[in-house]
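Report on one structure; see the data block that follows.
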Amino acid sequence: MVSKNTICLWFDGTALEAATFYAATFPDSTVQAEHRAPSDFPSGKQGDVLTVEFTVMGIPCLGLNGGPAFKHSEAFSFQVATDDQAETDRLWNAIVGNGGQASDCGWCKDKWGLSWQITPRVLTEAFNSPDPGVAKRAFEAMMTMSKIDVAAIEAAVRG
């Protein structure tokens with residue numbers, strides 16, 4: 001069944017590689033289908049992979065091999081809620097260690113330029129605390145981090 005809303009992500013010939021990586025890295029992620037071009041097109045030839053249908057953590061996506069004209073930016077990202085430091089480390093390290101790039105405050109970028117926020121639930125819960133002091137301490141701790149350190153956020157919450 002075709003989803004009513006699908007995220008379309010533009011790639012420069014690497015949609016299948018990216019989709020396969022996402023399916024192997026994130027739970028509830030799969031590659032459903034690849035579609036090959038029925039004829040030549042501006043950035044490829046007949047028979048090249050044109051689109052890839054996949055899901056990332058249950059979110060339907062379409063990878064389009066549209067060529068080099070458009071690049072990913074931080075204006076779009078996947079935010080992944082993690083349950084503990086082990087899950088945070090596994091996902092962060094998979095992205096950054098596979099040709100990606102670390103950034104600040106739990107953000108990183110994969111080798112295709114797609115941005116990810118690897119966000120432990122404890123951080124989100126602290127930000128939503130009815131105690132403004134908890135939110136402030138957690139926020140200030142996060143601002144010093146690249147990959148989020150769950151123990152440091154928990155310590156900030158405790159004060």
Which residues satisfy the side-chain contact (heavy atoms from CB on, under 4.5 Å) test with [X], sequence neighbours excluded?
X	answer
S43	F41
D104	none
A135	none
S103	W107

Hey, can you pull the donor-acceptor pairs under 3.5 Å for the side chains in residues 149-159, sequence neighbours left out?
unit_1: D149; atom_1: OD1; unit_2: A151; atom_2: N; d: 3.0
unit_1: D149; atom_1: OD1; unit_2: A152; atom_2: N; d: 3.1
unit_1: R158; atom_1: NH1; unit_2: E154; atom_2: O; d: 3.4

**Report entry** CH2-OH distance between W112 and Y22, expressed to the nearest 0.5 angstrom
**Finding:**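 Between atom CH2 of W112 and atom OH of Y22 there are 5.5 Å.
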Sequence neighbours excluded - salt bridge (Lys or Arg N to Asp or Glu O under 4.0 Å) pairs with any residue from [range]:
range	value
residues 63-78	E74-K109
residues 77-98	D83-R121, D89-K147
residues 24-46	E34-R36
residues 4-18	E17-K111

**Report entry** Short side-chain to backbone donor-acceptor contact, Q85 and I148, under 3.5 Å
**Finding:**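 Pair found, side chain donor or acceptor close to backbone of I148.
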**Report entry** side-chain hydrogen bond (donor to acceptor under 3.5 Å, both in side chains) partner of T88, the single match among T82, N93, T119
**Finding:**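 Testing each of T82, N93, T119 against T88, the sole residue satisfying side-chain hydrogen bond (donor to acceptor under 3.5 Å, both in side chains) is T82.
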Would you list the atom pairs, donor with acceptor, under 3.5 Å between side chains in residues 51-60 and any protein atom, with sequence neighbours excluded?
unit_1: E53; atom_1: OE2; unit_2: H35; atom_2: NE2; d: 2.4
unit_1: T55; atom_1: OG1; unit_2: T30; atom_2: N; d: 3.1
unit_1: T55; atom_1: OG1; unit_2: T30; atom_2: OG1; d: 3.3

Query raised in the report: Does N65 have any side-chain hydrogen bond (donor to acceptor under 3.5 Å, both in side chains) partners at least two apart in sequence or in another chain, and if so, which?
Result: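 Partners of N65 under the side-chain hydrogen bond (donor to acceptor under 3.5 Å, both in side chains) test: none.
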Query - Summary of side-chain hydrogen bond (donor to acceptor under 3.5 Å, both in side chains) pairs that have at least one residue in residues 126-137, sequence neighbours excluded - result: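 Qualifying pairs: K136-E140.
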Report task. Can you establish whether the number of heavy atoms outside F139 located under 6.0 Å from its atom CZ is more than 12? Result ->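 Count not over threshold, so no.
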Query raised in the report: When the aromatic ring centroids of F76 and W10 are compared, is their separation below 6.0 Å?
Result: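 Distance test on ring centres: not under 6.0 Å, no.
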